[in-house]
Amino acid sequence: MRRRAALILTWAVLLLTGRPVLAQPALWTVRGPHATVVLFGSVHLLPPGLDWRPPALTQALASAKEIWFELPIDAATAIAAQKLAMDKGLLAKGGDLFGTLSPADADRLRAACAQVAVPPALLATMRPWLAEVTLSLAQDAQAGGAAGQGVDQQISDHVAVSVPRRAFETARQQIDFLAAAPMAEQLASLDETITEIANDPTLFQRVVNAWLSGDVVALRKDALEPLIKSSPGMYRRLITDRNRHWASVLARRLKGGNGVIVVVVGTAHLIGPDGVPALLRARGFNVDGPGLESGAAPRSTTASAH
């Protein structure tokens, strides 16, 4: 999904406290009594061959006592997610996604399918959320993105198997965030993605470039603001609610754990006043990283969704 959280790219105007001399992906450090959490934003699909690892991340991974991802990075989880998507992402027998849209919007969806080489018949039986995921992944792949090159996968492959892996969520939970959304929210989010495909074909590359340079202002503009405007309910469901849960989990680890804990989640979950770093700072932890204004506090879930 385009908003990773997601998905999904994953999504108050921010002011940088300062840009690094050499641009590189952003990283946040959170210090507890005996534990340190290093937060690194993932792009779940990347073009091959990019040199993206900042030295601070390499150092943290070398000494990590555990690594946290959104989901377990393994074949069983991927298979479970695919099955759940089919179980929860298809319309009732005889349903037709194009038939639920106005003639003009149905034509726009067909045009988006043609632009990213997805057969319209493939989407016809899908609920809007799964159609949007399918279109977004197809467009990202068309722009060179590959799941096997995603940050999560590369880090999991690189780090010794002896380092424990943890996950904030299960495949079922992630699918339910999308599948349980009201139909109106699904349609609004699908419409925004159709518009992006038609009007902004360079979005994927622009997001990757902003991520590579640690430009959290540009990331917020491209990865979060469209979702906030088009479907505030989906933004709450996919971003703020999950961020608050993850911040609670990490707060417990920071208070009760020790050593270095590396957390790799979608970049959209780490930026802005609703991001995990801001939420942990609001809980009283010492947080260093870009986009954290002195004294800034996260907005309420209700305010952030409007």
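What you see is a predicted model; the values in this text were computed from it and never measured. Residues: numbered from 1 along the sequence shown.
Within 6.0 Å of NZ on K221 lie no more than 12 heavy atoms contributed by other residues, nucleotides or ligands. Dense packing is recorded around CD of Q205, with more than 12 heavy atoms of other residues, nucleotides or ligands lying under 6.0 Å away. Around CZ of R172, the count of heavy atoms belonging to other residues, nucleotides or ligands within 6.0 Å does not exceed 12.
Side-chain contact between Q139 and F204: absent, with no pair of heavy atoms (C-beta onward) separated by less than 4.5 Å. Using a 4.5 Å cut-off on side-chain heavy atoms (C-beta onward), M86 and L130 make contact. Between D191 and D105, some side-chain heavy-atom pair lies under the 4.5 Å cut-off. Contact check for Q186 versus E132: no side-chain heavy atoms found under the 4.5 Å cut-off. The closest side-chain heavy-atom distance from C113 to L135 is below 4.5 Å. The closest side-chain heavy-atom distance from V159 to R165 is below 4.5 Å. Using a 4.5 Å heavy-atom threshold, the side chains of L90 and M126 count as touching. Counting heavy atoms from C-beta outward, L250 and F285 have side chains that stay 4.5 Å or more apart.
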Checklist entry - Between T134 and W129, does a side-chain contact (heavy atoms from CB on, under 4.5 Å) hold up when you go through it step by step? => result CA-CA 9 Å; T134 303; W129 74 264; over 6 Å; no
Next on the checklist: Run V208 and L50 through side-chain contact (heavy atoms from CB on, under 4.5 Å) and show every step you take.
Outcome noted: CA-CA 10 Å; V208 170; L50 294 180; 4.0 Å; yes
Checklist entry - Is there a side chain to side chain donor-acceptor pair (under 3.5 Å) between T29 and D288 once you walk through the steps? => result CA-CA 5 Å; T29 303; D288 294 325; 5.9 Å; no
Next on the checklist: What verdict does the side-chain contact (heavy atoms from CB on, under 4.5 Å) test give for W28 and L292, after you've listed the backbone C-alpha separation in whole Å, the side-chain angles of each residue and the deciding distance to 0.1 Å?
Outcome noted: CA-CA 10 Å; W28 292 260; L292 291 168; 3.8 Å; yes
Checklist entry - Would D96 and L91 satisfy side-chain contact (heavy atoms from CB on, under 4.5 Å), going step by step from the backbone distance to the final call? => result CA-CA 7 Å; D96 178 13; L91 295 166; 5.6 Å; no
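Ion pairing of K83 with D87 is present here, as a side-chain N (NZ or NE/NH1/NH2) and a carboxylate O approach within less than 4.0 Å. In summary, R242 and E70 engage in a salt bridge, as defined by a charged side-chain N under 4.0 Å from a carboxylate O.
Here the closest non-hydrogen pair linking V116 and Q142 is CA-NE2, 3.6 Å. Listed here is the closest heavy atom pair of I175 and A81: CD1-O, 4.0 Å. Residue G41 comes nearest to T267 through the heavy atom pair C-OG1, 3.1 Å, listed as atom of the first residue, atom of the second, then distance. Closest heavy-atom contact between L219 and V207: CD2-O, 3.7 Å. The shortest heavy-atom contact between S63 and V260 is OG-CG2, 3.8 Å. The heavy-atom pair separating T195 from R108 by the smallest distance is OG1-NH2, 2.8 Å.
Checking side-chain atoms of S248 against main-chain N and O of R244 turns up a donor-acceptor pair under 3.5 Å. Side-chain N or O atoms of R166 include none that pairs as donor or acceptor with a backbone N or O of I67 at under 3.5 Å. With hydrogens and angles ignored, the 3.5 Å screen pairs a side-chain donor or acceptor of Q115 with a backbone N or O of I197. Between the side chain of S156 and the main chain of Q153, no donor-acceptor pair closer than 3.5 Å is present.
Judged purely by distance below 3.5 Å, without hydrogens or angles, the side chains of S231 and E185 never pair a donor atom with an acceptor atom. A donor and an acceptor atom, one from each side chain of W52 and Q24, are nowhere located under 3.5 Å apart. A donor-acceptor contact closer than 3.5 angstrom is absent between the side chains of D274 and T240. Using modelled atom types and a 3.5 Å distance limit, the side chains of T77 and D74 yield a donor-acceptor pair.
In this structure, Q173 CD and H245 NE2 are separated by 6.5 Å, a value rounded to the nearest 0.5 Å. Note that CG of L190 and OG of S230 are 10.0 Å apart. Values are rounded to the nearest 0.5 Å. The structure places CZ of R206 at 4.0 Å from CG of D222, a figure rounded to the nearest 0.5 Å. In this structure, D107 CG and L101 CG are separated by 10.0 Å, a value rounded to the nearest 0.5 Å.
Here the rule is side-chain contact (heavy atoms from CB on, under 4.5 Å) with D152, and of L71, V265, I73 only I73 fits it.
Using bins of under 30°, 30° to 60° and over 60° for the plane-to-plane angle, the ring pair W68/F168 lands in the tilted bin.
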